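Taking it in order: structure first as structure tokens, then the write-up.
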Amino acid sequence: ATVADIEQGKQWYQRAYDLAVKLMHAYDGITLGQCVGVIAALSPNNKWERNCNDAEAMIKAWHNGADPTSVKVCTFNKNKDKAAQILALPDDFTTEDIESILSGRKVCAFYRCIMGFTDTVCVDGHAYAIWLGERVPTTKTPSISPKLYETISRAYVNTAAVSFELIGEVLTPAQVQAVTWVTYRRLLGY
């Protein structure tokens, strides 16, 4: 990782959090947890820029009284439905309610990382390839079992524990994952 990769990765989840705060303030009646939940729900198989646009479009539709599922998004319909369910939650919802709707390990971890749970690692197809040390197209990523997910997550946690010795800075596991993702994308020319 370059110095720029490290800096960008260190700030990645904070910037995602800041986006959710911006959406919360732009559209009355929605909470930060719902904004982050919608972003996480729409993330599978979606490029980050489009993910952000899709989340705002669904939130805006909901805010204006329209059916949020009528919004075209670049992810799976079941994920759009999850985003709509999060928008429809009653006022007394909990983090567990959102995670129950999101349901998948990767998507729940993404939600938790954006919400600031720094000990959480989002293990997706990119994290798998980085852990493996090979370029693996996300279409070729095998199903990541709970045991493999834990193994990969632990590798990121262990790297965070020695980050000061490696780069002279203390990184959280979430930041290590983000730094490696930024670096991986740069190295592959994304």
Side-chain angles (χ1 to χ4, degrees), residues 6-60 62-63 68 73 75-76 78-127 130 144 146 149-150 152-157 159-161 163 169-182:
I6 293 168
E7 195 53 40
Q8 188 177 0
K10 282 174 30 185
Q11 297 302 317
W12 202 94
Y13 284 111
Q14 181 61 51
R15 285 192 310 274
Y17 179 88
D18 293 345
L19 167 67
V21 169
K22 179 182 142 205
L23 293 172
M24 178 185 69
H25 289 300
Y27 301 99
D28 293 337
I30 190 165
T31 67
L32 178 63
Q34 286 173 300
C35 290
V36 174
V38 169
I39 292 167
L42 298 176
S43 68
N45 206 39
N46 203 350
K47 293 181 179 181
W48 176 243
E49 294 295 325
R50 183 58 197 247
N51 188 171
C52 297
N53 293 337
D54 290 349
E56 182 165 15
M58 282 195 73
I59 291 168
K60 183 177 182 179
W62 171 83
H63 179 263
V73 299
T75 190
F76 308 105
K78 68 178 183 168
N79 291 83
K80 180 167 64 171
D81 292 342
K82 289 178 182 186
Q85 289 174 44
I86 290 168
L87 290 168
L89 282 169
D91 292 340
D92 62 346
F93 76 88
T94 64
T95 295
E96 290 78 20
D97 293 330
I98 290 178
E99 289 183 7
S100 175
I101 293 168
L102 294 173
S103 71
R105 284 184 308 274
K106 177 265 178 191
V107 179
C108 285
F110 191 53
Y111 168 79
R112 293 175 65 79
C113 286
I114 296 172
M115 287 297 290
F117 293 80
T118 57
D119 59 336
T120 301
V121 179
C122 180
V123 178
D124 59 6
H126 302 295
I130 292 162
I144 299 174
Y149 193 99
E150 177 56 36
I152 296 169
S153 180
R154 191 171 41 257
Y156 283 92
V157 170
T159 302
S163 60
E169 294 187 58
V170 176
L171 300 178
T172 68
Q175 287 174 323
V176 169
Q177 179 265 315
V179 167
T180 60
W181 181 77
V182 167

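On a predicted model such as this, the values are computed, not experimentally measured, just so you know.
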Response to the item:
The reported gap from SG in C108 to CG in L102 (rounded to nearest 0.5 angstrom) is 5.0 Å
Worksheet item: Among pairs that include at least one residue of residues 34-55, which meet salt bridge (charged side-chain N to carboxylate O under 4.0 Å, His left out), considering only residues two or more places apart or in two chains?
Response: R50-D54
Worksheet item: Going by the salt bridge (charged side-chain N to carboxylate O under 4.0 Å, His left out) test, which pairs reach into residues 15-34, not counting sequence neighbours?
Response: none
Discussion item. Taking ring-ring contact (aromatic ring centres under 6.0 Å, His included) as the cut-off, I'd like each qualifying pair that reaches into residues 18-48, sequence neighbours left out, listed once.
Written reply: W12-W48, Y27-H63
Tell me every residue that passes side chain to side chain contact (heavy atoms under 4.5 Å, CB included) with [X], counting only those two or more places apart in sequence or in another chain.
X	answer
Q175	K10, L171, T172
N45	F76
T95	E99, Y111

Worksheet item: How would you list, by chain and number, every residue that makes a side chain to side chain donor-acceptor pair (under 3.5 Å) with E96, sequence neighbours excluded?
Response: T94
Item to complete: Could you list the residues that satisfy side chain to side chain donor-acceptor pair (under 3.5 Å) with S100, not counting sequence neighbours?
Response: none
My understanding is that only residues two or more places apart in sequence, or in another chain, count here; which of them pass salt bridge (charged side-chain N to carboxylate O under 4.0 Å, His left out) with [X]?
X	value
K106	none
R154	E150
E56	none

In a table with atom names and distances, give each donor-acceptor pair under 3.5 Å that connects a side chain of residues 113-127 to protein atoms at least two apart or in another chain.
unit_1, atom_1, unit_2, atom_2, d
D124, OD1, H126, N, 3.1
D124, OD1, A127, N, 2.8

